[in-house]
Protein chains: 2
Amino acid sequence: MIGMDVLEAIRTRRSIRKYDRNRDVEPEKLLACLEAARWAPSASNKQPWHFIVVRSKEKREELARLHPYGKFMAESPVVLVVLGDPQKHQKYFKCDPPIATQNFLLAAHAQGLGTCWMGVVDSSIEEPMRQLLGVPDNLRIICTVSVGYPAEKPEKTRQPLEELVSYESFGKGK
Amino acid sequence: MIGMDVLEAIRTRRSIRKYDRNRDVEPEKLLACLEAARWAPSASNKQPWHFIVVRSKEKREELARLHPYGKFMAESPVVLVVLGDPQKHQKYFKCDPPIATQNFLLAAHAQGLGTCWMGVVDSSIEEPMRQLLGVPDNLRIICTVSVGYPAEKPEKTRQPLEELVSYESFGKGK
């Protein structure tokens, strides 16, 4: 396993949309990512999440067809589908699964894997995905994550910190 | 700065509700946490977030009074208030700020700081907080995070991975 400092992992992670088609994802690396997701904080420790690991080429191709931004799911060797469980926490079933997903992304990057996170907010995507993956009606599909070895090194910009942070009251500088 | 492996940081982070009252949070450590938040992924890179750093004792005491689970905000030397911006992304202004917040928590833990995340989902809490911190009507208050040096070492349990993960279809084991 490749280790990485947490601040470096956070700073150097990028969304990866091109994958090395000749390199599969080792099961032990995937397990480490899922283990990282499991340790995310959640409101009242309810852990209102579930993860489906999709490796089947047919299913990945179908997911790629369904998601308007997710063509590359057909080419990443793994797709993670993240579910939220309103019965475990009615208020946080949409908030807590993304926290776990971020842990997954960081653990993947620390191990040399690339990921791209795609939200699923429209029922026009969610319902056919539900059919494809046998997701029960009591669970919601929150997002999908493509996973594989990166075949690109994208740049990314961020707003400067000064525009994002206030002190004591909104809009007040340091 | 104390460095920490990302997988270790994820696994060993805990919600901290008791803080060392004699130890303040160094500004450079706080900046590193905010910088980590800034590098979180967001839908279409819209970064629909803003952060208010509250050190004022009076404001922390008022926040502690307002939040039903947040008494310890009066005793943590810093409270971070995380805002979402629906004008930057209407669909993801509630989802993306938590992703940035998780980066903040991990960066804090990697530097020896403790945090506790408290969601703000009720308007009965949000509106008086809005008044207290001068938050404009076009922004939403997503959560607060207490920050300080830990004065406790809580244990935490998680569901086993086997119950949380399916393969290819929901409910299917490996």
Side-chain angles (χ1 to χ4, degrees), chain A residues 1 3-7 9-11 13 15 31-32 34-36 38-41 43 45 47 49-56 59 83 91-92 94-96 98-99 101-103 105-107 109-110 117 119 121 133-136 139 156-159 161 164-172, chain B residues 1 3-7 9-11 13 15 31-32 34-36 38-41 43 45 47 49-56 59 83 91-92 94-96 98-99 101-103 105-107 109-110 117 119 121 133-136 139 156-159 161 164-172:
Chain A
M1 187 182 294
M4 191 183 285
D5 179 75
V6 62
L7 297 172
I10 285 170
R11 206 174 49 240
R13 184 213 55 81
S15 294
L31 268 180
L34 291 162
E35 181 68 15
R38 186 170 81 100
W39 282 100
N45 200 24
Q47 310 162 63
W49 47 53
H50 190 94
F51 309 94
I52 306 178
V53 174
V54 178
R55 287 188 185 266
S56 146
K59 284 193 174 166
L83 311 178
K91 282 186 179 171
Y92 288 101
K94 283 183 183 174
C95 173
D96 289 354
I99 304 170
T101 304
Q102 175 63 359
N103 275 8
L105 261 58
L106 292 173
H109 178 58
W117 177 325
V121 285
L133 303 169
V135 176
L139 299 175
K156 191 71 120 183
T157 57
R158 286 293 187 284
Q159 279 187 270
L161 210 50
L164 297 175
V165 182
S166 303
Y167 292 84
E168 303 301 344
S169 294
F170 181 83
K172 197 166 162 286
Chain B
M1 185 183 296
M4 190 183 285
D5 178 75
V6 62
L7 297 173
I10 285 170
R11 206 175 48 239
R13 184 213 56 81
S15 296
L31 269 180
L34 291 162
E35 181 68 15
R38 187 170 80 100
W39 282 100
N45 200 24
Q47 309 162 63
W49 46 55
H50 190 95
F51 309 95
I52 306 178
V53 174
V54 179
R55 288 188 184 266
S56 146
K59 285 194 174 166
L83 310 179
K91 282 186 180 172
Y92 288 101
K94 283 183 182 174
C95 172
D96 289 354
I99 303 172
T101 304
Q102 174 64 358
N103 275 8
L105 260 58
L106 292 173
H109 178 59
W117 178 325
V121 284
L133 302 169
V135 176
L139 298 175
K156 191 71 120 183
T157 57
R158 286 293 186 286
Q159 280 187 268
L161 209 51
L164 297 175
V165 182
S166 303
Y167 292 84
E168 303 301 344
S169 294
F170 181 82
K172 199 167 160 286

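Note that the structure is predicted; figures quoted are calculated from it, not measured. So you know, we letter chains A, B, ... as the sequences are listed, proteins then strands, and number each from 1.
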Between [X] and chain B, which part of the residue has a heavy atom less than 4.5 Å away: side chain, backbone, both or neither?
X        : answer
A:Lys172 : neither
A:Lys59  : side chain
A:Ala43  : neither
A:Thr101 : neither

Contact leader toward chain B among [options], where contacts are heavy-atom pairs under 4.5 Å:
options                              : result
A:His50, A:Gln102, A:His109          : A:His50
A:Val121, A:Asn45, A:Thr157          : A:Asn45
A:Val135, A:Ile10, A:Leu106          : A:Ile10
A:Leu105, A:Asn103, A:Leu133         : A:Asn103
A:Arg13, A:Glu35, A:Lys91            : A:Arg13
A:Ala107, A:Ser169, A:Ala36, A:Cys95 : A:Ser169

Tell me if a side-chain donor or acceptor on [X] pairs with a main-chain N or O of [Y] at a distance below 3.5 Å.
X       : Y        : answer
B:Asp5  : A:Met4   : yes
B:Asp96 : B:Trp49  : no
A:Arg55 : B:Tyr167 : no

Legend entry - Leading residue by heavy atom contact count with chain A [cutoff under 4.5 Å; candidates B:Leu139, B:Val54, B:Ile99]: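 Most heavy-atom pairs under 4.5 Å with chain A: B:Ile99.
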
Legend entry - Pick from B:Ser56, B:Ser15, B:Ala9 with the largest number of heavy-atom pairs that fall under 4.5 Å of chain A: B:Ser56

Legend entry - Side chain proximity check, B:Leu164 to A:Leu34, heavy atoms < 4.5 angstrom: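 Not touching, per the 4.5 Å side-chain cut-off.
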
Closest contact, heavy atoms only, [X] versus [Y]:
X        : Y        : answer
B:Phe170 : A:Gly134 : CB-O, 3.3 Å
B:Arg158 : A:Trp39  : NH2-O, 3.5 Å
B:Trp117 : B:Pro98  : CH2-O, 3.2 Å

Legend entry - Test side chain to side chain donor-acceptor pair (under 3.5 Å) applied to A:Gln159 - qualifying residues, sequence neighbours left out: A:Glu163, B:Lys88

Legend entry - Region of B:Leu83 in contact with chain A, defined by heavy-atom distances below 4.5 Å: side chain

Legend entry - Pairwise distance CZ(A:Phe51) to CG(B:Leu161) - rounded to 0.5 angstrom: 8.5 Å

